[in-house]
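A quick write-up on the structure given underneath.
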Amino acid sequence: MNKHLLSINDLTAEDVLRILDTAESFREVGTRVIKKVPALRGRTVVNLFYENSTRTRISFELAAKRLSADVINFTTSGTSVAKGESLKDTALTLQAMGADAIVIRHASSGAPLTLTRWVRGSVLNAGDGTHEHPTQALLDLYTMRDRLGRLEGLRVAIVGDVLHSRVARSLSFGLVKMGAEVTLVGPPTLIPPEAPTWGVAVSYDLEAVLPKLDVCYLLRIQRERQRQRFFPSLREYSRLYGLTRERVGMLPEGCLIMHPGPMNRGVEIESDVADLPQAVMEEQVTNGIAIRMALLYLLLGGKAEGVGGDA
Amino acid sequence: MPEAILLRGGRVVDPAAGRDEVADVGVAEGRIVPPDALPAGALELDCSGLVIAPGLVDPHTHLRQPGGEDAETVETGCRAAALGGYTAVAPMANTDPVADDAAVIREVIDLAAAAGLCDVYPVGAVTRGLAGEDLAELGEMVEAGVRVFSDDGRVVANPQLLRNALTYALAFGEVAIAEHCEDPALSEGGQMHEGQHSAVLGLQGKPRESEEIVVARDLALARLTGGRLHLLHLSSAGSVEMVRRAKAEGLRVTAEVTPHHLVFTDADLVTYDTNLKVNPPLRTAEDRAALRRGLADGTIDVIGTDHAPHPVERKEVEFDQAAPGTIGLETALAAVLTELVEPGELSLLRAIEAMSTAPARLLGAADHGGPIEPGRPAMLVAFDPAATWVVEPPFASRSRNSAFIGRTLRGRVVHTIYRGELVVADGKAER
């Protein structure tokens, strides 16, 4: 593995399996009364969040704390960043304070890669602009493998605003890497025309895709896209691409329903559908902590076991 | 003080005279003289192995002064130009205040005269304040010496306004309206070429069509008006083809390409290097190949650097927050020699024509572009086509946002002679 995790494409299929297997052993920690191991005692992990995020930040914070690392949450409101400090100066400051790992969420695509030029520690991409969200993809792969027993050959539809979705990019690249069959579904304005070069199929017809799925993965649709005229209205979006109770009936038995959250109930997913037993959003959240523990452990502490690579 | 100089034994490449031969060149009292007419005690420079060409002319420079002196001044930009082999540059109008009246034009000319490193031929704004609403006073600026007008940095979006500019300029003879071809709506928010790489990098793209729509519109208006149109920094294969057809039809159109569009592609952006963020964006290898062919066959007339200095803090930031542009004066010649002349895609004569003779004609810079003949003002560059070097800061430019940093280039400027004076000697600026 590389020193940083910036993109799913930084990982080989073997790396992905090692991360999932490591997460498997860490998931058990979360079931104990004392949910803590000493693996990263004395190491410092900084959560540098330039965008609001509740679940990803808390998930990383819990993961680091369960590994006994010291955790600093650096959010941008009310800090030097709000006073106009540049990413570079913030990075140099964190570097001077001895951050071993920096978890960054940023609205600009590529910001985590840019950050690596200024810090010596590991950089973990917690979502950058419309580029990638690799830890989300890994926790999704974990959840799929955990529930369905395999990744190879799984038929997965990713439905919604693929064009602007960092989750869709990372998940598509990750699934294709692991041998799954991916179909991107959504209005043509929200599917990149070049997407077939990723090794995925594209469909504009959700109902035609549903009967042949193992996983139906829904993306959050943002109201802003309507203002930008990518589609006429949320109502029409929902009519064409929303997962309704009727459409759930078209899914094969055992097909999972997934969503990275936060959900727009009544838009991309009908409220009752979100509460069905095959909708595994809460498991995704739980598994996210184990995945992030595994990543911090492998990037920061796992070298003793011969896991680390070309640091 | 004018010097007498003998440039001995160089290969003289002079497109204006159709000449490419080893010869001695004499310079005295600011002009070219026959070598045997030089006064005794002339400075003798051994130019064996060097190419001697008319001083380069950059039709597209941003000197930033007035208003942007943190990025560049007329003096530092002219020094960068001289070190790059240029004896004339054409600073664009997007300064603060905008060069939309004769006062700003004269200020820039005066600043360059004080620096004494090269001539400037300022480009005037087409519209007042570059606002795209009212015509600037073109006639007054023509009287101050302006031959090219442009709102570079943005397109003249209103077709009726561009039509009037092309028509109004007919009164002034060989005066060109130069267009930055990007449709505002199709390119808004775009960070790079829209394609396979933008889709993976998660950066909003600008399709080729954002340029081609404007090129098509502008050519139609050139046809309608009979006006003289110049198209800046073409980036797409489709644009080159349209210009080729327009020239065959006889329209009064010329076109420009930058060294960076001739060298880089959108694939180079995988590092999110903000120095490669330029407008219009770097496109695909197919586009680059079409630009090179268009330059070789004369469809594209001139190479302009679009030298665009920015202070460090505008570039050492997140990609989507970075200012667009790369500096280019100090690397343009070497980039063209390394990437096009050396592999045989472009003759040396055509390269010098596109970097000196043709832009001098566009700018009405009669003292520049050759021919290198007795009596002509002595504007010369001598360069070593075999010398290799690695592009690294510091630069003579006040800024260091070069797309070429880290690249090994072949071809180094040794001497630059401006109005008979050695302003660059042995690769070092003399003032």
Side-chain angles (χ1 to χ4, degrees), chain A residues 6-10 50-51 81 84-92 104 106-118 125 127-134 161-170 172-173 176 184 190-200 202 224 228-230, chain B residues 70 183-210 265-278 281-287 310-324 393 400-401 405-406:
Chain A
L6 308 175
S7 159
I8 279 288
N9 289 328
D10 294 344
Y50 282 83
E51 269 188 344
V81 171
E85 186 174 67
S86 68
L87 177 62
K88 179 181 181 179
D89 285 327
T90 302
L92 295 177
I104 179 172
H106 201 296
S108 298
S109 298
L113 175 62
T114 304
L115 183 67
T116 63
R117 303 196 176 116
W118 299 313
N125 181 1
D128 62 329
T130 54
H131 177 223
E132 286 216 40
H133 193 351
D161 181 3
V162 175
L163 182 66
H164 300 97
S165 173
R166 52 197 175 207
V167 173
R169 276 180 186 68
S170 286
S172 296
F173 303 156
V176 169
L184 305 179
L190 293 175
I191 307 282
E194 303 80 9
T197 64
W198 305 349
V200 299
V202 170
E224 192 193 342
Q228 295 166 328
R229 307 182 189 100
F230 285 100
Chain B
D70 54 340
D183 180 77
L186 271 179
S187 59
E188 189 189 350
Q191 302 294 320
M192 65 177 293
H193 172 65
E194 180 177 313
Q196 195 186 333
H197 293 288
S198 67
V200 169
L201 293 170
L203 291 171
Q204 192 181 323
K206 297 183 188 187
R208 285 187 189 87
E209 288 72 12
S210 65
T265 68
D266 63 337
D268 294 308
L269 284 157
V270 294
T271 58
Y272 292 95
D273 180 353
T274 55
N275 287 335
L276 293 171
K277 177 174 171 177
V278 292
L282 304 167
R283 300 198 190 272
T284 67
E286 291 76 51
D287 294 295
H310 290 292
V312 175
E313 67 272 14
R314 301 283 315 276
K315 280 294 194 179
E316 281 194 350
V317 292
E318 297 84 336
F319 195 90
D320 59 359
Q321 293 168 30
R400 57 173 191 254
N401 55 299
I405 288 173

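Proteins get letters first, then strands, A, B, ... in listed order; numbering begins at 1 in each.
- At a heavy-atom cut-off of under 4.5 Å, chain B is reached by A:Leu87, A:Lys88 from residues 84-92 of chain A, listed in order of number.
- Neither the backbone nor the side chain of A:His164 has a heavy atom closer than 4.5 Å to any heavy atom of chain B.
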Could you check B:Lys206 against B:Glu194 for side chain to side chain contact (heavy atoms under 4.5 Å, CB included), going step by step and ending with a plain yes or no? CA-CA 5 Å; B:Lys206 297 183 188 187; B:Glu194 180 177 313; 5.6 Å; no
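- In this structure, the ring of A:His131 has its center less than 6.0 angstrom from the ring center of B:Tyr272.
- Using a 4.5 Å cut-off between heavy atoms, B:Thr271 touches chain A through backbone and side chain atoms alike.
- Between the side chain of B:Ser198 and the backbone N or O of B:Gly205, no donor-acceptor pair lies under 3.5 Å.
- Near-neighbour residues of residues 310-317 of chain B relative to chain A, defined by a heavy atom under 4.5 Å from a heavy atom of that chain, comprise B:Glu316, B:Val317.
- B:Gln191 does not touch chain A: none of its heavy atoms, backbone or side chain, sits under 4.5 Å away.
- By the 4.5 Å heavy-atom criterion applied to side chains, A:Leu163 and A:Ile191 are not counted as neighbours.
- With a 4.5 angstrom heavy-atom cutoff, A:Arg166 does not touch chain B via any of its atoms.
- Put simply, CZ on B:Phe319 and CG on B:Leu269 are 5.0 Å apart, with the number rounded to the nearest 0.5 Å.
- Summarising the geometry of B:Gly202 relative to A:Ser109, their closest heavy-atom pair is O-OG, 2.6 Å, with the distance given to 0.1 Å.
- Annotation: side-chain contact (heavy atoms from CB on, under 4.5 Å) contacts of A:Asp10 (sequence neighbours excluded): A:Asn2, A:Leu6, A:Ser7.
- At a 4.5 Å heavy-atom cutoff, A:Ala195 makes no contact with chain B through either its backbone or its side chain.
- Looking at A:Glu132, its side chain does come within 3.5 Å of a backbone N or O of A:Ile8 through a donor-acceptor pair.
- Between the side chains of B:Glu318 and A:Ser108, not a single donor N or O lies within less than 3.5 Å of an accepting N or O.
- Screening residues 190-199 of chain A for side chain to side chain donor-acceptor pair (under 3.5 Å), with sequence neighbours left out, gives no hits.
- Counting only distance, with no hydrogens or angles, the side chain of A:Asp128 and the backbone of A:Gly110 share a donor-acceptor pair below 3.5 Å.
- Minimum heavy-atom separation, A:Thr130 to A:Arg169: O-NH1, 3.1 Å.
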